[in-house]
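Below is one structure, written out as structure tokens; comments come after it.
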Amino acid sequence: MDATDPAAQYQKKAPKYFSAARADYVAEIPPGLNRVLEIGCADGMTGLLAKQQGKAAFYCGVELFPDAARNAKDRIDEIVVGDIEKIDRLPWPENSFDFLIMSEVLEHLTDPSRVLTKLR
């Protein structure tokens, strides 16, 4: 396991770590939004819940861990696999999203301010 690879740190995590929907976050999404982006979407359960509850017509995610991202592909509309700090440009045009979720992500970033600026 490579200590310099952030994804390698998650190899030790039980699959359950990636499979819980954050109903508390979904509850905060105003109903009827068109597009939601989640950074650190894990296996897409939060996105699936948001779509089921009519909180998002289109749900996209960015996920560092490839195994979780593979599972998310079956639950959300689009996924980018990679480290948000190393991704130069996301594949969506500016102003593509109505809502952003970053559950338990910022504290793991080296430069959260830079990432927030990029996402804005």
Side-chain angles (χ1 to χ4, degrees):
M1 183 170 1
D2 182 358
T4 62
D5 177 13
Q9 298 173 20
Y10 290 90
Q11 294 291 346
K12 297 184 224 174
K13 300 279 188 188
K16 181 179 163 183
Y17 177 82
F18 298 98
S19 64
R22 291 299 305 258
D24 54 335
Y25 281 73
V26 173
E28 296 298 321
I29 301 172
L33 290 182
N34 189 32
R35 298 171 66 92
V36 174
L37 173 63
E38 181 179 7
I39 307 301
C41 67
D43 68 358
M45 292 303 290
T46 300
L48 178 63
L49 181 62
K51 290 178 68 76
Q52 289 172 337
Q53 291 186 3
K55 298 285 187 110
F58 194 76
Y59 200 100
C60 300
V62 177
E63 176 54 45
L64 173 67
F65 191 59
D67 289 343
R70 269 191 293 281
N71 293 331
K73 286 182 181 180
D74 295 331
R75 297 182 176 114
I76 63 176
D77 298 294
E78 287 185 24
I79 184 143
V80 171
V81 182
D83 183 339
I84 191 62
E85 291 194 278
K86 294 179 181 171
I87 297 170
D88 290 325
R89 185 161 172 78
L90 292 171
W92 306 288
E94 286 186 27
N95 302 312
S96 290
F97 298 98
D98 304 307
F99 201 83
L100 172 67
I101 296 176
M102 294 182 75
S103 171
E104 301 180 37
V105 171
L106 289 176
E107 68 271 22
H108 299 286
L109 301 178
T110 303
D111 190 351
S113 178
R114 182 174 172 270
V115 170
L116 289 171
T117 298
K118 176 176 24 177
L119 292 171
R120 185 174 183 273

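One is the number of the first residue; the rest follow in order along the sequence. Values below: every heavy atom of this structure, side chains too, minus hydrogens, waters and symmetry copies.
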Inset, instruction - Indicate, with yes or no, if L48 and Y59 share a hydrophobic cluster defined by side-chain heavy-atom contacts under 4.5 Å among Ile, Leu, Val, Met, Phe, Trp and Tyr. - result: no
Inset, instruction - For V62 and G82, work out which heavy atoms get closest and say how close. - result: CG1-O, 3.9 Å
Inset, instruction - Give every residue pair that meets the ring-ring contact (aromatic ring centres under 6.0 Å, His included) criterion with at least one member in residues 68-93, sequence neighbours excluded. - result: W92-F97
Legend entry - Polar side-chain atom of E38 near backbone of I101 as donor-acceptor pair, under 3.5 Å: no
Legend entry - Partners passing side chain to side chain contact (heavy atoms under 4.5 Å, CB included) against D111 (at least two apart in sequence or in another chain): E85, S113, R114
Inset, instruction - Indicate the atoms forming the closest heavy-atom contact of P66 with V81, along with that distance. - result: CA-CG1, 4.1 Å
Inset, instruction - Following the transitive rule for hydrophobic clusters with a side-chain heavy-atom cut-off under 4.5 Å over Ile, Leu, Val, Met, Phe, Trp and Tyr, establish whether L90 and L64 coincide in one cluster. - result: no
Legend entry - Pairing residues for L100 by the side chain to side chain contact (heavy atoms under 4.5 Å, CB included) criterion, not counting sequence neighbours: L37, I39, M102, L119
Inset, instruction - Using salt bridge (charged side-chain N to carboxylate O under 4.0 Å, His left out) as the criterion, list what pairs up with R22, not counting sequence neighbours. - result: D24, E104
Legend entry - side chain to side chain contact (heavy atoms under 4.5 Å, CB included) against P91, all qualifying residues, sequence neighbours excluded: V80
Inset, instruction - Would you sort out whether T46 and I76 count as a side chain to side chain contact (heavy atoms under 4.5 Å, CB included), showing the intermediate values? - result: CA-CA 9 Å; T46 300; I76 63 176; over 6 Å; no
Legend entry - R75 side chain to D43 backbone, donor-acceptor under 3.5 Å: yes
Legend entry - Side chain to side chain, L109 and I84, heavy atoms closer than 4.5 Å: yes
Inset, instruction - Would you please name every residue forming a side-chain hydrogen bond (donor to acceptor under 3.5 Å, both in side chains) with K51, sequence neighbours left out? - result: D77
Legend entry - Cluster overlap I29 with Y25, hydrophobic side-chain contacts below 4.5 Å: yes
Legend entry - Nearest heavy atoms of V26 and A50, plus distance in Å: CG1-CA, 3.9 Å
Inset, instruction - Could you tell me whether the side chain of L33 reaches within less than 4.5 Å of the side chain of K55, counting heavy atoms only? - result: no
Inset, instruction - Side-chain contact test, heavy atoms from C-beta onward, threshold under 4.5 Å: evaluate it for I79 versus C41 and give yes or no. - result: yes
Inset, instruction - Can you see which heavy atom on L49 is nearest to which on A21, and at what distance? - result: CD2-CB, 4.1 Å
